[in-house]
Peer 1: 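Take this structure, written in structure tokens, and hold onto it; I'll ask about it next.
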Amino acid sequence: MTNEKSAKGDLTVGNVGKKLVLFAIPVAIANLVQALYNLADMAIVGHYIGSAGMSAVTMGGQIITVVLVLATGLANGAGIYISQLYGARKQDLIPRVIGTVLVSFAVLALFFTAVILIFGKMILLALNTPKEALEYAIAYLSIYICGTIFVYIYNAFAAAIRALGRTMPAMVAVIITAVLNIALDFLFVGPFHMGVAGAAIATIISQFISMVIIAVYAKKSGIFDFAGRSFRLDWKILGIVLKIGIPQALQFGLTTLSFLLISGFVNQYGVYASAASGATSKVWSFEIIPSQAVQMAMTTLTAQNIACGQYDRIRKGLMISMGIAFCFAILFWGTGQLFPEAILSIFTSETEVISIGKLYLQTFLFCGLLESLLFCCYGLISGSGHTFFTFFCAILSAIVVRIAFVWIFDAFTNFGFLGIARAYVFAPVPSLIACIIYLISGRWKKSAVKL
């Protein structure tokens with residue numbers, strides 16, 4: 001890693017707001033492109049196959065997401081460690097961290113692939129997958145899971161590169177592969193008539209290309225040399241990565257699992273509700289893009305600066321990030337309130353789905369307003385290594401509050417399908433309050449990572 005290249009990603013110097021924005025923009029673009037791909041994937045399947053295909057992609061995709069976010073959480077843990085090493089000017093340890101993560105991720109990916117191939121149908125049945133969508137969902141899930149190892153390896157490299165303040169490589173990789181994925185979706189689902197299986201195959205091909213692009217960058221930039229000796233486990237490093245990363249993985253996993261469990265409630269309202277819920281989740285993913293990008297920026301800024309005691313830069317970064325994230329959330333929320341039918345019609349022409357989904361979408365998007373602030377708090381707390389606290393917040397919001405309110409509204413009110421959206425709105429409130437109290441206490445100033 002040259003000094004010039006390293007300086008570009010150094011968030012311990014320079015204007016805080018400018019550094020945050022320059023870091024966050026490529027992340028936001030990459031997330032936007034990924035969300036556009038997910039939207040296109042759902043829309044293509046919806047228009048060619050109908051609500052059964054949409055439901056299948058929703059159910060299969062949510063199970064896959066549980067598997068993939070575990071790697072994202074562990075990769076983020078490695079990224080936080082790498083950022084603090086960088087801030088402490090201990091870059092010589094970074095290749096050892098990457099090698100350890102790559103080996104452990106390969107083993108983990110193969111394990112999860114085997115589990116889903118064996119138990120996938122049982123999981124779909126347990127989640128009350130609509131019978132019209134079951135066979136589609138089984139095919140989609142069984143094919144999609146085979147690309148897990150590509151995503152895991154991509155996440156390992158992307159997290160390491162992002163930890164050094166460089167976000168452009170991941171953006172380029174995502175743009176190239178998303179365009180490829182959409183083109184293959186149209187080809188496989190349309191002219192080739194491969195159905196949801198075609199959509200899954202298109203995704204696997206694109207994931208492989210994405211992994212290759214990010215790995216080539218890591219090699220050329222000197223972040224990792226790919227020598228045989230570099231692919232080995234360092235148990236001490238693995239312990240540190242797991243200490244930071246397991247709470248992150250559980251946090252992401254529990255949040256996603258709550259979506260999956262709530263799908264069981266959604267599915268009791270039928271295939272149209274399932275399709276509407278799936279479309280709404282895709283729309284919501286656009287609403288939180290700026291918040292997620294700024295969260296990543298705050299995580300890296302905090303990790304680099306806490307290693308050298310620059311707390312004022314971190315506080316300033318939090319205020320700036322909250323302002324940016326909330327403004328974008330307001331803009332997107334307003335668009336959803338004004339044009340719900342037009343947004344849902346992107347996914348389907350079935351009037352039943354649009355009719356049942358309109359008010360659901362408008363209500364659901366309220367949760368993005370509070371989440372925009374919560375994600376910024378998560379970024380700071382995670383960057384200081386206190387990932388057990390964000391894990392606690394995930395349990396509080398995703399499991400205790402969200403699922404509890406879904407059950408309460410379902411059992412004791414006549415809200416029906418709309419009650420599920422209302423439960424999502426309540427979910428971030430207690431975690432946001434807890435994070436604000438934690439930040440005011442100042443406990444975040446003592447890093448949980450021993451360098």
Peer 1: Going by salt bridge (charged side-chain N to carboxylate O under 4.0 Å, His left out), name the residues that satisfy it together with Arg443, two or more places apart in sequence or in a different chain.
Peer 2: none

Peer 1: Are any non-hydrogen side-chain atoms of Lys282 and Phe347 less than 4.5 angstrom apart?
Peer 2: yes

Peer 1: Got a sec, which residues hit side chain to side chain donor-acceptor pair (under 3.5 Å) with Ser382, two or more places apart in sequence or on another chain?
Peer 2: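 Expected list: Gln248.
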
Peer 1: Between Trp444 (side chain only) and Leu439 (backbone N and O only), is there a donor and an acceptor less than 3.5 Å apart?
Peer 2: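 Yes; judged by distance alone, with no hydrogens or angles, the pair exists.
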
Peer 1: Between Phe226 and Phe224, does the ring-ring contact (aromatic ring centres under 6.0 Å, His included) criterion hold? Intermediate values first, please.
Peer 2: CA-CA 6 Å; Phe226 288 88; Phe224 192 69; 5.1 Å; yes

Peer 1: Could you check whether any side-chain heavy atom of Leu141 comes within less than 4.5 Å of a side-chain heavy atom of Ile123, counting everything from C-beta outward?
Peer 2: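 Leu141 does not reach Ile123 side chain to side chain.
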
Peer 1: For Ile80 and Thr302, what are the C-alpha separation, side-chain angles and deciding distance, and is it a side-chain contact (heavy atoms from CB on, under 4.5 Å)?
Peer 2: CA-CA 9 Å; Ile80 291 166; Thr302 301; over 6 Å; no

Peer 1: Which pair of heavy atoms, one from Ile143 and one from Ile204, lies closest together, and at what distance?
Peer 2: O-CD1, 2.8 Å

Peer 1: Could you check whether any side-chain heavy atom of Gln91 comes within less than 4.5 Å of a side-chain heavy atom of Leu85, counting everything from C-beta outward?
Peer 2: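 Not touching, per the 4.5 Å side-chain cut-off.
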
Peer 1: Is any side-chain heavy atom of Ile223 closer than 4.5 Å to a side-chain heavy atom of Leu164?
Peer 2: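 Yes, close enough: below the 4.5 Å cut-off.
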
Peer 1: Looking at every non-hydrogen atom in both residues, tell me the closest pair between Ser210 and Ala173 and how far apart they are.
Peer 2: OG-CB, 4.2 Å

Peer 1: Within this structure, what is the CG-OH distance for the pair Leu380 and Tyr438, rounded to the nearest 0.5 Å?
Peer 2: 10.5 Å

Peer 1: Under the 3.5 angstrom rule, does the side chain of Arg313 hit a backbone N or O of Leu11 as a donor-acceptor pair?
Peer 2: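 It does hold such a pair.
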
Peer 1: Main chain of Ala163, side chain of Ser83: is a donor-acceptor contact present, judged purely on distance under 3.5 Å?
Peer 2: yes

Peer 1: Go through the steps for Leu117 and Ile145 under the test side-chain contact (heavy atoms from CB on, under 4.5 Å), then give the verdict.
Peer 2: CA-CA 8 Å; Leu117 287 175; Ile145 194 66; 3.7 Å; yes

Peer 1: Can we call the ring centroids of Tyr360 and Phe366 under 6.0 Å apart?
Peer 2: no

Peer 1: Pair Asn76, Ile244 - check side-chain contact (heavy atoms from CB on, under 4.5 Å), show working.
Peer 2: CA-CA 8 Å; Asn76 281 0; Ile244 310 169; over 6 Å; no

Peer 1: Relative to each other, are the rings of Phe426 and Phe405 parallel, tilted or perpendicular (30° and 60° limits)?
Peer 2: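 The arrangement is parallel - the two ring planes meet at less than 30°.
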
Peer 1: Would you find a donor on one side and an acceptor on the other, under 3.5 Å apart, between the side chain of Asn181 and the backbone of Thr177?
Peer 2: no

Peer 1: Taking it one step at a time, do Tyr144 and Phe112 satisfy ring-ring contact (aromatic ring centres under 6.0 Å, His included)?
Peer 2: CA-CA 12 Å; Tyr144 198 148; Phe112 280 122; over 10 Å; no

Peer 1: Under 3.5 Å, is there a donor-acceptor pair between the side chain of Ser397 and the main chain of Ala427?
Peer 2: yes

Peer 1: First locate atom NZ of Lys19, then atom CZ of Phe23, and finally report the distance between them rounded to the nearest 0.5 Å.
Peer 2: 11.5 Å

Peer 1: Donor-acceptor pair, distance only, cut-off 3.5 Å: does the side chain of Ser142 make one with the backbone of Ala139?
Peer 2: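 Not at all, since once roles are kept as given, no pair shorter than 3.5 Å links the two residues.
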
Peer 1: Can you check side-chain hydrogen bond (donor to acceptor under 3.5 Å, both in side chains) on Gln304 and Thr12, steps first, answer last?
Peer 2: CA-CA 6 Å; Gln304 289 191 12; Thr12 63; 5.2 Å; no

Peer 1: Can any side-chain N or O of Gln295 pair as donor or acceptor with the backbone N or O of Pro290 at less than 3.5 Å?
Peer 2: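 Not a single qualifying donor-acceptor pair exists.
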
Peer 1: Heavy-atom count around Phe391 CZ within 6.0 Å, excluding the residue itself: above 12?
Peer 2: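 Count over threshold, so yes.
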
Peer 1: What residue among Asn267, Thr58, Thr129 forms side-chain hydrogen bond (donor to acceptor under 3.5 Å, both in side chains) with Ser274?
Peer 2: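 When Asn267, Thr58, Thr129 are each tested with Ser274, the side-chain hydrogen bond (donor to acceptor under 3.5 Å, both in side chains) holds only for Asn267.
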
Peer 1: Using a 4.5 Å cut-off on heavy atoms from C-beta on, say whether the side chain of Ser372 contacts that of Ile288.
Peer 2: no

Peer 1: Between Asp225 and Arg229, is the salt bridge (charged side-chain N to carboxylate O under 4.0 Å, His left out) condition met? List the steps.
Peer 2: CA-CA 10 Å; Asp225 62 11; Arg229 65 183 181 279; 3.5 Å; yes

Peer 1: Supply the atom-to-atom distance Thr280 OG1 to Leu344 CG, rounded to the nearest 0.5 angstrom.
Peer 2: 5.5 Å

Peer 1: Show the numbers, then the answer: is there a side-chain contact (heavy atoms from CB on, under 4.5 Å) between Ser384 and Lys445?
Peer 2: CA-CA 7 Å; Ser384 65; Lys445 294 179 182 177; over 6 Å; no

Peer 1: So how far is it from Thr363 OG1 to Ile420 CD1, rounded to the nearest 0.5 Å?
Peer 2: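 One gets 12.0 Å once the value is rounded to the nearest 0.5 Å.
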
Peer 1: Can you tell me if Ser281 uses its side chain to pair, donor with acceptor, with the backbone of Gly278 under 3.5 Å?
Peer 2: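 Confirmed, Ser281 side chain pairs with Gly278 backbone.
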
Peer 1: Nearest 0.5 Å, what's the CE-CD1 distance between Met211 and Ile209?
Peer 2: 8.5 Å

Peer 1: Determine yes or no for a side-chain-to-main-chain donor-acceptor pair under 3.5 angstrom, with Ser431 supplying the side chain and Cys393 the backbone.
Peer 2: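 Between the backbone of Cys393 and the side chain of Ser431 there is a qualifying donor-acceptor contact (under 3.5 Å).
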
Peer 1: Does Arg315, at its CZ atom, have more than 12 non-hydrogen atoms belonging to other residues, nucleotides or ligands within less than 6.0 Å?
Peer 2: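 Yes - once you tally the heavy atoms of other residues, nucleotides and ligands closer than 6.0 Å, there are more than 12.
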
Peer 1: Does Arg162 reach the main-chain N or O of Val27 with its side chain, forming a donor-acceptor pair under 3.5 Å?
Peer 2: no

Peer 1: Are there over 12 heavy-atom neighbours, none belonging to Met168, within less than 6.0 Å of that residue's CE?
Peer 2: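 At most 12 heavy atoms, drawn from other residues, nucleotides or ligands, come within 6.0 Å of this atom.
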
Peer 1: Write down the atom of Leu374, the atom of Cys435, and the distance for their closest heavy-atom approach.
Peer 2: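 It is CD1-SG, 3.8 Å.
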
Peer 1: Are the side chains of Ile149 and Thr113 in contact, using a 4.5 Å heavy-atom criterion?
Peer 2: no

Peer 1: If you compare all heavy atoms of Ala156 against all heavy atoms of Phe105, which two are closest, and at what distance to 0.1 Å?
Peer 2: CB-CD2, 3.9 Å

Peer 1: Can you find a pair of side-chain heavy atoms, one from Val400 and one from Ile395, that are under 4.5 Å apart?
Peer 2: yes

Peer 1: Measure the OH-CD1 distance between Tyr81 and Ile94 for me, rounded to the nearest 0.5 Å.
Peer 2: 10.0 Å

Peer 1: Could you check Trp333, Phe332, Tyr424 and say which one makes a ring-ring contact (aromatic ring centres under 6.0 Å, His included) with Phe364?
Peer 2: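 Single pass found, and it is Tyr424.
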
Peer 1: Can you confirm whether Tyr311 is buried at OH, in the sense that more than 12 heavy atoms of other residues, nucleotides or ligands lie under 6.0 Å from that atom?
Peer 2: yes

Peer 1: Can you see which heavy atom on Gln251 is nearest to which on Thr390, and at what distance?
Peer 2: OE1-OG1, 2.9 Å

Peer 1: Which atom names give the shortest non-hydrogen contact between Asn31 and Ala293, and what distance separates them?
Peer 2: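 Smallest interatomic distance, heavy atoms only, reads ND2-N, 4.3 Å.
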
Peer 1: With a 4.5 Å heavy-atom cut-off, do Thr100 and Arg232 have their side chains touching?
Peer 2: no

